[in-house]
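Each chain gets a letter, A, B and so on, in the order its sequence line appears, and its residues count up from 1. The structure presented is a predicted model; accordingly, all values stated were derived computationally and were not measured.
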There are 2 protein chains.
Amino acid sequence: MQRKYNRIFLDIVSQIEQGVYQPNDLLPSEKTLSDQYQVSRDTVRKSLGLLEQNGYIQKSKGKGSFVLDTNKLDFPVSGVVSFKEINQRMGRNFETFVEELKCQPANEQLQKNLNLSSEERVWKLIRTRKIDGEKIILDKDYVVQKYVETLTEVICQDSLYQYIENTLGLKIAYANKEITMQMATDEDRHYLDLKKYDMVAVVRSYTYLDDTSLFQYTESRHRPDKFIFVDFARR
Amino acid sequence: MQRKYNRIFLDIVSQIEQGVYQPNDLLPSEKTLSDQYQVSRDTVRKSLGLLEQNGYIQKSKGKGSFVLDTNKLDFPVSGVVSFKEINQRMGRNFETFVEELKCQPANEQLQKNLNLSSEERVWKLIRTRKIDGEKIILDKDYVVQKYVETLTEVICQDSLYQYIENTLGLKIAYANKEITMQMATDEDRHYLDLKKYDMVAVVRSYTYLDDTSLFQYTESRHRPDKFIFVDFARR
DNA sequence: CAGTGGTCTAGACCACCAA
DNA sequence: TGGTGGTCTAGACCACTGG
């Protein structure tokens, strides 16, 4: 049996996206929904909580749950999402190139970033992403070998996250991200079609598994004119 | 009576921050906590849910709740937070300058951005932020006059959000944000100490009230070397 | 006033984990 | 196996909203 609250959440999401509920409409009350779906009010409340967190509705005491305008979900880089997942959702034309893949001892910087001892090894993976014919993104991944024993070019060309979650059965739980701007390096210029630009947008991510182990550090470097990060935030 | 789950949440946060619970420690079980605090297990679960959402703990079925390393206290730009609030938390040395403040009819662009009719008026507010002696941030705010009737220089020099929430009693609920990089404009160069840099980091925010009305559009323009955005994200 | 969402409770059953 | 968190229920009382 699938989780009820998740099924209801997805059901209402699809109704909002299909326009059954329009922006500024009021959803049925929690009581009504719990009757409709034949579940307890608390279960409905979990579903509505998910909707609220994800920017689909705004709840208001004494009034009800208003549907928000979700057309502004342009480019969901927010959250822990892989490049492949984003582009699939956007229906965009993209290619991935594996530029480098090797397993090496962690250098000092990586030992610090990934909390490793000097004997431990990491996979170093460099990929570039071509969108509409231009190389725009340079991804440098460092994956702790302790958690991911083997990597191949084929896997990296497809989706690292899919392999880690589906094949290895590891659970990716959360990430700390940091967005900055930096002067472009020779490496950036070597791998990317930077045109006139001399800076790049840098997204550093530390990704953690279910059991709180830090298993990956990623530096994603973007040509500035093609970079966008969107976020939905609650106060 | 304050909300119990919030009291417990804050209590555990302070214990984590004071080191009573160390990173990688296991919190007491939900059962134990509900006995300790004399509340139901569901109430404790709400508190732990908040802790998890805010990156303080990682829950794990069958094991318990692990305390995470919250060194991510770097620069919490994430969420809907005002400039003043950030800098107060960071204990930093900053100044705000009100460069321009006037109430004007919404031009075409603003009518579109803020869903306004041509008769409606908006406050245009331009502020610069000086940190450690350098003008680094240019904030351009557009506030719908329908919701905020009067603004003064004094208010804008202090905190717009504090005035709106505490004095006017409006409730700021959520925001859509978008981060991009742009070529610096003449306006940027006029207001900021840009040095050699010819680009800026741009954060566009659409901020909404409790009743889902869009009341503010902000464009925050940062000198690239001083810009950082950090985010904690769950998968 | 009746209807709404917000909080809290007590109890149940399950899946997962470690010993 | 006993303890953990995850899900779900049924019911209670509250504060807020609108007519």
Can you tell me the distance, in whole Å, between the [atom1] atom of [X] and the [atom2] atom of [N]?
{"X": "A:F66", "N": "D:dT17", "atom1": "CZ", "atom2": "P", "value": "11 Å"}
{"X": "B:I57", "N": "D:dT4", "atom1": "CD1", "atom2": "C1'", "value": "13 Å"}
{"X": "A:K31", "N": "C:dG6", "atom1": "NZ", "atom2": "P", "value": "17 Å"}
{"X": "A:N6", "N": "D:dG6", "atom1": "CG", "atom2": "P", "value": "15 Å"}
{"X": "A:L33", "N": "C:dG5", "atom1": "CG", "atom2": "C1'", "value": "12 Å"}
{"X": "B:L27", "N": "D:dT4", "atom1": "CG", "atom2": "C1'", "value": "13 Å"}
{"X": "B:L26", "N": "D:dG5", "atom1": "CG", "atom2": "P", "value": "8 Å"}
{"X": "A:Q58", "N": "C:dG5", "atom1": "CD", "atom2": "C1'", "value": "12 Å"}

Verify the neighbour count for atom CG of A:N166: are there more than 12 heavy atoms of other residues, nucleotides or ligands below 6.0 Å?
yes
Picking from B:L114, B:D141, B:V148, what satisfies side-chain contact (heavy atoms from CB on, under 4.5 Å) with B:V122?
B:L114
Report the nucleotide, chosen from [options], that has the shortest atom-to-atom distance to any side-chain atom of [X].
{"X": "B:R45", "options": "C:dG6, D:dC8, D:dG5", "value": "D:dG5"}
{"X": "B:K59", "options": "D:dG6, D:dT7, C:dG5", "value": "D:dG6"}
{"X": "A:E30", "options": "C:dT7, D:dC8, C:dG5", "value": "C:dG5"}

Considering just the side-chain nitrogens and oxygens of B:Y5, establish if one lies under 4.0 Å of OP1 or OP2 belonging to C:dT7.
yes
Check whether any side-chain nitrogen or oxygen of A:S29 sits under 4.0 Å from OP1 or OP2 of C:dG3, and answer yes or no.
no
Show the numbers, then the answer: is there a salt bridge (Lys or Arg N to Asp or Glu O under 4.0 Å) between B:R45 and B:E52?
CA-CA 10 Å; B:R45 282 181 57 74; B:E52 182 170 38; over 6 Å; no
Indicate, with yes or no, if the rings of A:Y208 and A:F215 have centres closer together than 6.0 Å.
no
Can you classify the ring geometry of B:Y142 versus B:Y217 as parallel (below 30°), tilted (30 to 60°) or perpendicular (above 60°)?
parallel
Which letter, B, S or -, goes with each nucleotide of nucleotides 9-19 of chain C from 5' to 3', with contact meaning a protein heavy atom under 4.0 Å?
B--B--BBSS-
One pair to check against salt bridge (Lys or Arg N to Asp or Glu O under 4.0 Å): B:D35 and B:K31. What are the steps and the verdict?
CA-CA 6 Å; B:D35 289 346; B:K31 173 77 175 63; 2.8 Å; yes
Give the intermediate values and the outcome of side-chain contact (heavy atoms from CB on, under 4.5 Å) for residues A:I228 and B:E178.
CA-CA 7 Å; A:I228 180 169; B:E178 176 188 288; 3.6 Å; yes
